[in-house]
Amino acid sequence: MGWSLPEVPEKAQATAWSPWVCLLIIVLGLFIGLIVAVLKLPTTGLPSLSSGYWLPLTIRTFTGISAAIAVYSFWWETLAIRVWNWNEWCRSMRLKWRLRAHQHLVILSHVFITANTNLLSRLAHTQAGDSADPPPLTLLSDAPITPGISRFEQLLRHLIAQISPSIQRRYPSGPLQIIVQTNGSDKDRESQSFHRIWSVGPTPWNVDVHFQDADSSFGDWNQFVGSTKRPVLVLAMHYRLPDDVLPEFASALFMIHPSMLNQGEGKNALRIFRAMPLNTRTLATELSELRDMALTPASKKHLVWHSGLSDAPRQSVNRVLNDLPVPLYDSIGTGGVIDFDTACVWYGGLAGWAMIGAAAEMAAYGPASQWLLLEGEEDAWAVTIGNNAPEVGSDHFVIQPPFPGGSVLMALLLNAGLYSLMIRYFPSTAFSWPGITLLLLSLIVILPGLAILLRRITARLQRPEFIRVARHSVKE
């Protein structure tokens, strides 16, 4: 399943109430009243106006006309509220979906080291083509290398020494979440080594360390993007193990929540957004929606990385991007697209942080807006990196809620009915100051109360239908 937002179509606006219908009701009411008056005329002749005979008939006629107009207005208001509720839920759903996609952290500092030190300059075509010599497989080759946990400790010390000054300068103390992802299988020994190395020297941070397997999904990363406002330090590496033939890499990224930025600090800072599930079978639709989410300005040139894609989507990436269209950095990679598995090597789940580290480093060559596509054995993800704050955007226009004309008329008729009952059964109270006060209080309560009650009941009855349609419309 991809990450497409539910495609719930908005309803057409309700037809405006018609004054001609009200005029027709008035004419029919007067006509019916006239017929009743003729049929009930006394045999003694036509009563005079001063006789009081016509007053009850006139009251009943105009009461019926008012009731009919109130029912018509109330029915129209109910239909208009149903349409307004539905369309507002559609807009709110799109907005919340977009805000969820816009969740991100700001990369304040990063370190990315590869065994092939010329990898990025070669991809950016700032250096001559491939050398005849095979690329190196190890980092820090001037130091003795012992495969296994000793190599992990060696690279970890180097990463911490490189990234710690930036953390201390920007975030001298406080809680800090640390994510450690490596290709090693013995996480207990890695945890012991990490805590021993981290505790050396001053440690003003209260750390919460999470060790992840090499094949961990980017879905685990999302919990740090959407639910925390604490700084995050990611340490990812592929270190030398016995009988390992893949080149090493090490990456460290120090990130904070946008709310923690100082004034002017995040103007050009790189931002890493929430990872979105990717359906590689419908790559064109998925990338179109990724563009429409406006995580990065659509007019800016993009650089696209991908790793682990199966044959069909890997061969169609360039064509899909050209058809969208998305402006690309033609001078980098292959027309603005980098096959990380070919340019470097396939690291499995670790390729995610390897590409993110490489993308952060590549920003120095110009590309700030970058898409990273990663497919594993069970899922696929799309990650966006950019240096612009996302624009929430808005719908084309904002529709005001329908005027509660029907509720107002119903409330007035209800108050008139209640007051007439008071006059009939409690005449002394009805024409006293307490009775007038009670009438005013009932108007104050019923006039807005009936309109609010109508909207709440309509929404309560309509919401299950909207939820059912939204769930049904989610792309399979």
Side-chain angles (χ1 to χ4, degrees), residues 99 102-113 152-182 190-212 216 218 220-237 249-275 295-296 352-364 368 370 372 383-390:
L99 289 175
H102 285 184
Q103 291 176 341
H104 64 278
L105 295 178
V106 178
I107 302 176
L108 286 188
S109 179
H110 72 276
V111 176
F112 181 68
I113 312 169
F152 166 74
E153 294 177 355
Q154 187 178 16
L155 295 182
L156 181 64
R157 288 191 183 93
H158 183 75
L159 277 183
I160 293 177
Q162 293 287 318
I163 199 72
S164 291
S166 299
I167 303 177
Q168 291 174 344
R169 183 169 56 253
R170 180 56 183 81
Y171 188 68
S173 63
L176 177 65
Q177 296 207 70
I178 301 178
I179 304 172
V180 181
Q181 187 177 18
T182 70
E190 288 184 356
S191 177
Q192 295 172 5
S193 298
F194 173 85
H195 285 92
R196 184 177 67 254
I197 295 172
W198 184 264
S199 61
V200 175
T203 55
W205 304 286
N206 180 20
V207 298
D208 181 16
V209 187
H210 301 264
F211 278 82
Q212 296 183 345
S216 293
F218 258 125
D220 300 332
W221 152 251
N222 283 340
Q223 63 178 312
F224 301 99
V225 180
S227 61
T228 181
K229 291 189 176 181
R230 291 182 290 177
V232 178
L233 173 63
V234 176
L235 302 172
M237 68 177 74
F249 84 88
S251 177
L253 296 104
F254 174 57
M255 297 166 285
I256 65 172
H257 193 270
S259 62
M260 301 177 64
L261 289 173
N262 296 328
Q263 186 175 5
E265 188 176 29
K267 185 176 181 180
N268 293 313
L270 284 179
R271 304 165 189 265
I272 175 171
F273 291 85
R274 166 184 284 271
L295 304 181
T296 54
W353 287 116
M355 285 196 298
I356 291 174
E361 190 74 15
M362 182 64 81
Q370 305 182 53
L372 290 75
V383 178
T384 299
I385 291 179
N387 63 349
N388 292 90

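Residue numbers count from 1 along this sequence.
Sorted by first and then second residue, the salt bridge (Lys or Arg N to Asp or Glu O under 4.0 Å) pairs involving residues 103-113 (not counting sequence neighbours) form an empty list. Residue pairs meeting the salt bridge (Lys or Arg N to Asp or Glu O under 4.0 Å) criterion with at least one member in residues 354-364, sequence neighbours excluded, do not occur.
Expressed to the nearest 0.5 Å, how far OH of Tyr171 lies from CG of Leu233 amounts to 12.0 Å. With rounding to the nearest 0.5 Å, the separation of NE2 in His158 from CD1 in Ile163 is 11.0 Å. The distance from the CD1 atom of Ile256 to the CZ atom of Arg170 is 4.0 Å, given to the nearest 0.5 Å. Note that the OG atom of Ser164 and the CG atom of Leu159 stand 9.5 Å from one another [nearest 0.5 Å]. Atom-to-atom distance recorded for His102:NE2 and Thr384:OG1 is 9.5 Å, nearest 0.5 angstrom. The structure places CD of Gln181 at 10.5 Å from OG of Ser251, a figure rounded to the nearest 0.5 Å.
Using cut-offs of 30° and 60° on the angle between ring planes, the pair Phe112 and Phe249 is tilted.
A search for salt bridge (charged side-chain N to carboxylate O under 4.0 Å, His left out) contacts involving Arg169 returns nothing, not counting sequence neighbours.
Under the 4.5 Å side-chain criterion, counting only non-hydrogen atoms from C-beta, His104 is not in contact with Ile272. Two residues are said to be in side-chain contact when any heavy atoms from C-beta on lie closer than 4.5 Å; Ile178 and Trp198 meet this criterion.
Remark: the backbone N or O of Leu253 is not paired with any side-chain donor or acceptor of Trp353 at under 3.5 angstrom. In this structure, Asn222 contributes its side chain and Ala275 its backbone to a donor-acceptor pair below 3.5 Å. Gln162 places no side-chain N or O within donor-acceptor distance of the main-chain N or O of Val111, the cut-off being under 3.5 Å.
In this structure, Glu153 and Ser193 approach most closely via the heavy-atom pair OE2-OG, 2.7 Å. Of all heavy-atom pairs spanning Ile356 and Leu372, the tightest one is N-CD2, 3.5 Å. For Met237 against Phe152, the heavy-atom pair with the smallest separation is SD-CD1, 3.7 Å. The heavy-atom pair separating Val383 from Phe273 by the smallest distance is CG1-O, 4.0 Å. Closest of all the heavy-atom pairs between Pro231 and Pro175 is CD-O, 3.6 Å. Across Ala252 and Leu235, no two heavy atoms sit closer than the pair CB-CD2, 3.6 Å.
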Practice item. Quick one: do Leu108 and Leu261 satisfy side chain to side chain contact (heavy atoms under 4.5 Å, CB included)? Show the steps, please. Key: CA-CA 9 Å; Leu108 286 188; Leu261 289 173; 4.1 Å; yes
